[in-house]
Amino acid sequence: MTGYKVANGNGTAKTNGNSNGHSNGHCNGHKSADYTAQENPTMCSRDCCSGPGGSNRGNTCTDKKGAKAGSLNGEKIIPTPQSLLYPYEVIEEIADFITKGSGMRPKIGIICGSGLGSLADIIQDPKIFEYEKIPNFPVSTVEGHAGRLVVGTLEGATVMAMQGRFHFYEGYPLAKCSMPVRVMKLCGVEYLFATNAAGGINPRFAVGDIMLMHDHVNMLGFAGNSPLQGPNDPRFGPRFPALVNSYNKDLINKAIEIGKAMGIESNIHVGVYSCLGGPNYETIAELKALRMMGVDAVGMSTVHEVITARHCDMKVFAFSLITNKCATEYSDKKDEEANHEEVMAVAKNRQKACCELVSRLIREIHLASA
Ligand SMILES: O=P(O)(O)O[C@@H]1C[C@H](O)[C@@H](CO)O1
Ligand SMILES: Nc1nc2[nH]cnc2c(=O)[nH]1
């Protein structure tokens, strides 16, 4: 079972609408009922109860009878290493579901940032998979993230796009947030296009600008969190992946050229993105610190997806749409505070330019490989 449980106020629990799991009497949850801060499945040794694809098998069953000291709400909490949440076979199952269901092996994967779902709307002959209908898939809980996977063609290339990503602040562990990247890999994807809405810290950036990511500062990694934490499965990639040159330089250069051809070169920058855990936006002191570290734009996603993609040797192109300017001086002005409505509104305004940039770049990749 992968859906986290939400306390419903009366001491019992319900899942978050994702019915991936095992609800067979003895094993109706295996997650702590009120443990909502972070998904943290507990374990069971019964065969029926292997979590997604057996990840929990062989561990201690922690139904109510088994609860001991150290339990929360009567259920023992045993952390699962992140990499065990989605074993290779489960990812393979999900990928098979998508490739068989769509009849395609897409070459390019797109992750649509907040308010940038229209990147998937331009896909031709789309086969649409609602997340809740994909086995073992999480659900989207954030406004501006529709929660569907769209498979089809764009500029002649076969693509799959996530209209809705998963964020750490939704309560999903990083490995779950970036699990779809591994699904993409096993579907045949070679290129990951990750997009996001971000706050501009670089004072040269204006709202509506696009920052092509050429590097990142992994703040969650500084704190010891990684989507690769736990035993490594070499079928995905190496134990210790290198991350220098994670962002494909050829694709960045091509995107700069495309920006010029579109007449928006003054709105295109190349810079460093940092992901914080969210869901709160940053304090002034945090923004000052990030700026001192060389960060140009700040958001709540993408970095763990890029790490997962590089781990399995995908080529990565990523950009941030600057949806708000981050204040780095103290002020009482309310309009300097970031808010999600503004983020969504700016993304809507700039969706045409973002779609054109992505389409043209995909066209180049497709033509180069034809
Ligand atoms: O999914 P992305 O990173 O594009 O979304 C950003 C981060 C938060 O989810 C949201 C905040 O407004 O926008
Ligand atoms: N962390 C963070 N994420 C964002 N997403 C869009 N704008 C912002 C921002 O200012 N900060």
Side-chain angles (χ1 to χ4, degrees), residues 109-120 131 138-148 161-172 174 176-178 180-181 192-203 205-213 216-220 222-223 271-291 293 295-308 318-329 331 334-351 354-355 358:
I110 304 169
I111 302 179
C112 304
S114 279
L116 292 172
S118 54
L119 291 170
Y131 288 170
V139 290
S140 283
T141 69
V142 186
E143 198 204 328
H145 292 264
R148 6 188 262 169
M162 288 180 71
Q163 236 175 6
R165 63 150 53 90
F166 307 113
H167 304 85
F168 189 62
Y169 64 77
E170 292 174 78
Y172 296 129
L174 290 182
K176 191 160 191 166
C177 295
S178 57
V181 172
L192 176 69
F193 277 43
T195 68
N196 60 64
I201 308 181
N202 186 321
F205 292 3
V207 169
D209 285 356
I210 290 171
M211 185 193 80
L212 310 176
M213 288 170 63
H216 67 233
V217 174
N218 181 7
M219 293 304 286
L220 297 176
F222 278 22
V272 175
Y273 173 90
S274 184
C275 164
L276 270 59
N280 55 284
Y281 297 104
E282 295 68 38
T283 66
I284 300 285
E286 286 163 351
L287 291 164
K288 281 177 189 278
L290 289 168
R291 187 68 196 130
M293 291 166 76
V295 172
D296 298 296
V298 61
M300 305 177 196
S301 66
T302 308
V303 167
H304 36 278
E305 298 157 355
V306 171
I307 292 171
T308 305
F319 72 79
S320 300
L321 175 66
I322 305 301
T323 52
N324 52 291
K325 265 178 94 71
C326 294
T328 44
E329 296 303 329
S331 150
K334 262 285 185 218
D335 62 359
E336 291 192 353
E337 290 181 0
N339 68 81
H340 194 56
E341 289 67 41
E342 183 193 6
V343 168
M344 298 284 292
V346 172
K348 193 165 173 224
N349 272 340
R350 297 296 285 159
Q351 59 189 357
C354 294
C355 285
V358 166

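Just follow the structure's listing: the first ligand is 1, and inside any ligand the first atom is 1.
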I'd like to know if the side chain of Lys325 and the backbone of Gly200 have a donor-acceptor N/O pair within less than 3.5 Å. no

What atoms of ligand 1 come within less than 4.0 Å of a heavy atom belonging to [X]?
X: Tyr281; result: 11 (C), 12 (O)
X: Ser114; result: 1 (O), 2 (P), 4 (O), 5 (O), 6 (C), 9 (O), 10 (C), 13 (O)
X: Gly113; result: 4 (O)

Is His145 near ligand 1, meaning one of its heavy atoms is under 4.0 Å from it? yes

Quick one: look at Asn196 and ligand 1, take heavy-atom pairs under 4.0 Å, and tell me if it's side chain, backbone, both or neither.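 Both backbone and side chain of Asn196 come within 4.0 Å of ligand 1.
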
Report, in ascending order of atom number, the atoms of ligand 2 lying under 4.0 Å from any heavy atom of [X].
X: Asn324; result: 6 (C), 7 (N), 8 (C), 9 (C), 10 (O)
X: Met300; result: 1 (N), 2 (C), 3 (N)
X: Cys326; result: 10 (O)
X: Gly199; result: 6 (C), 7 (N), 8 (C), 9 (C), 10 (O)
X: Glu282; result: 1 (N), 2 (C), 9 (C), 10 (O), 11 (N)
X: Thr323; result: 6 (C), 7 (N)

Could you tell me if Asn196 and Ser301 have a donor-acceptor pair between their side chains, going purely by distance under 3.5 Å? no

Please compare Ser320, Ala347, Ala197, Gly299 and report which has the shortest non-hydrogen distance to atom 5 (N) of ligand 2. Ala197

Of all protein heavy atoms, the one nearest atom 7 (C) of ligand 1 is Met300 CB, 3.7 Å

Can you tell me the protein heavy atom closest to atom 3 (O) of ligand 1 and the distance?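 Sorting protein heavy atoms by distance from atom 3 (O) of ligand 1 puts Ser301 OG, 2.5 Å first.
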
Between ligand 2 and Leu276, can you find any atom pair, the residue atom being a heavy atom, that is separated by under 4.0 Å?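 Contact absent.
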
Contact partition for Val343 relative to ligand 2, non-hydrogen atoms under 4.0 Å: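 Side chain only.
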
